[in-house]
Amino acid sequence: MQVQPMTQQATRHARRVYVGGLPPFANEQSIASFFSQVMIAIGGNSAGSGDSVVNVYINHEKKFAFVEMRTVEEASNAMALDGIVFEGVAVRVRRPTDYNPSLAAVLGPCQPSANLNLSAVGLSAGTIGGAEGLDRIFVGGLPYYFTEVQMRELLQAFGPLRSFDIVRDKETGNSKGYGFCIYQDPAVTDIACAALNGLKMGDKTLTVRRATVSAHSKPEEDNIFARAQQHIAMQKIALEVVGLNIPGVPTNDESPTKVLCLTEAVTTEQLTDNGEYEEILEDMRDECRKFGTLVNVVIPRPNPNGELSTGIGKVFLEYSDCTACLAAKNALNGRKFGGSIVTAFYYPEEKYHSMDYDL
């Protein structure tokens with residue numbers, strides 16, 4: 001049944017959503033098409049088949065638009081799309097200023113449906129607008145042959161993931177070439193973005209950046225990129241860990257293991273003092289667990305009688321997988337500890353487990 005004009009006008013304030021932070025080349029047609037398709041993808045169409053968007057008003061100068069939906073319920077479902085990436089930009093989805101909650105309460109649902117499939121468009125229920133939403137990362141330009149497992153291994157070089165989703169076509173199930181992730185440690189968010197953004201993967205180039213606009217101040221760019229340089233050898237992961245033969249990415253002759261050896265990291269004097277030794281051991285644990293699951297840290301010490309044992313001056317880091325070990329190697333090799341430049345290299349696992357530290 002066609003909605004009467006008076007009814008349409010009366011419900012209009014509850015059927016519109018404000019979309020802010022639009023990309024520069026957005027227009028009415030592209031906005032309407034995008035949000036109609038997204039509503040279908042998440043199962044947010046309550047009025048049946050067809051486009052949920054009936055009208056779009058756009059302010060190009062201020063980069064916002066009012067998107068009018070068919071029903072009040074569909075407008076409420078659209079509120080779950082805050083932070084969605086449209087043409088490479090994470091946009092804000094809000095209620096318009098003329099929205100009247102008390103009047104809207106009798107017109108239809110005021111909250112998004114709990115049954116929406118937000119993961120279909122790279123969003124997670126309950127995280128939008130929260131701390132996790134601020135640290136959500138958009139990962140675009142994914143090669144279509146790249147599996148989810150392989151992408152996880154690449155991303156986890158910076159630390160454990162809280163979540164990762166590749167956006168897929170609803171009908172075919174094929175990857176659309178982009179996804180979203182959140183790290184367990186928010187501190188690595190900007191580092192991972194700086195290191196991976198622009199990375200060439202075969203014939204593709206990754207676009208990696210925050211998916212939402214953060215309300216807190218970010219670290220200065222110089223600091224972010226300086227730290228990201230420690231990880232810039234991510235190309236090696238594709239060959240050494242993920243096992244892909246990607247054109248244009250150099251190979252590495254050194255076979256990766258789960259054990260990393262650091263030289264020039266500690267001195268004999270530091271090892272003889274119990275308090276200083278425990279402090280160094282704890283500092284190593286805190287710093288080196290940033291790159292993945294750290295199983296153990298071994299720092300050989302002189303014998304009680306003062307005789308030097310094998311491995312003095314070395315630090316051995318045992319990780320749960322080669323991906324974390326590679327990330328640590330890239331970050332720590334060439335880094336200064338106590339004025340000395342550290343050399344990091346893979347250590348044979350069989351020698352490490354047999355406590356043979358003389359290599």
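- Nearest approach of Ala26 to Ile58, heavy atoms of both residues: O-CD1, 3.6 Å.
- Judged by the 6.0 Å and 45° rule, Arg152 forms no cation-pi pair with Phe164.
- Counting only heavy atoms from C-beta outward, the side chains of Ser52 and Glu74 approach each other to under 4.5 Å.
- Cys325 has its side chain out of reach of Leu317: every pair of non-hydrogen atoms, C-beta onward, lies at least 4.5 Å apart.
- For the pair Ser33 (side chain) and Gln29 (backbone), a donor-acceptor distance under 3.5 Å is absent.
- Under 4.0 Å is where a charged nitrogen must lie from a carboxylate oxygen, and between Arg94 and Asp82 at least one such pair does.
- No cation-pi contact links Lys351 to Tyr357, judged by a cut-off of 6.0 Å to the six-membered ring centre and 45° from its axis.
- Looking at Leu294 and Asn296, their side chains never come closer than 4.5 Å, going by heavy atoms from C-beta outward.
- Checked against the 6.0 Å centroid criterion, the rings of Phe291 and Tyr319 do not qualify as a close aromatic pair.
- Checked by atom type and distance alone, the side chain of Asn45 pairs as donor or acceptor with a backbone atom of Gly50 at under 3.5 Å.
- A cation-pi arrangement is present between Arg136 and Phe180, with the terminal nitrogen or guanidinium carbon under 6.0 Å from the aromatic centre and inside a 45° cone about the axis.
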Working for side-chain hydrogen bond (donor to acceptor under 3.5 Å, both in side chains), residues Arg70 and Ser36: CA-CA 10 Å; Arg70 291 181 299 185; Ser36 290; over 6 Å; no

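- In the hydrophobic clustering, where aliphatic and aromatic side chains (Ile, Leu, Val, Met, Phe, Trp, Tyr) are joined below 4.5 Å either directly or transitively, Val72 groups with Val106, Leu107.
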From CA spacing to verdict: ring-ring contact (aromatic ring centres under 6.0 Å, His included), Tyr18, Phe64: CA-CA 7 Å; Tyr18 165 90; Phe64 75 84; 5.5 Å; yes

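- Tyr57 is not listed as a side-chain neighbour of Val67, based on a closest heavy-atom distance of 4.5 Å or more.
- Looking at Arg12 and Glu68, a side-chain N of the basic residue comes within less than 4.0 Å of a carboxylate O on the acidic one, giving a salt bridge.
- Side-chain atoms of Leu81 and Met39, non-hydrogen and from C-beta on, do get closer than 4.5 Å to each other.
- Proximity of Tyr183 to Pro160: side-chain heavy atoms (C-beta onward) are nowhere separated by under 4.5 Å.
- At least one side-chain heavy atom of His353 sits under 4.5 Å from a side-chain heavy atom of Glu349.
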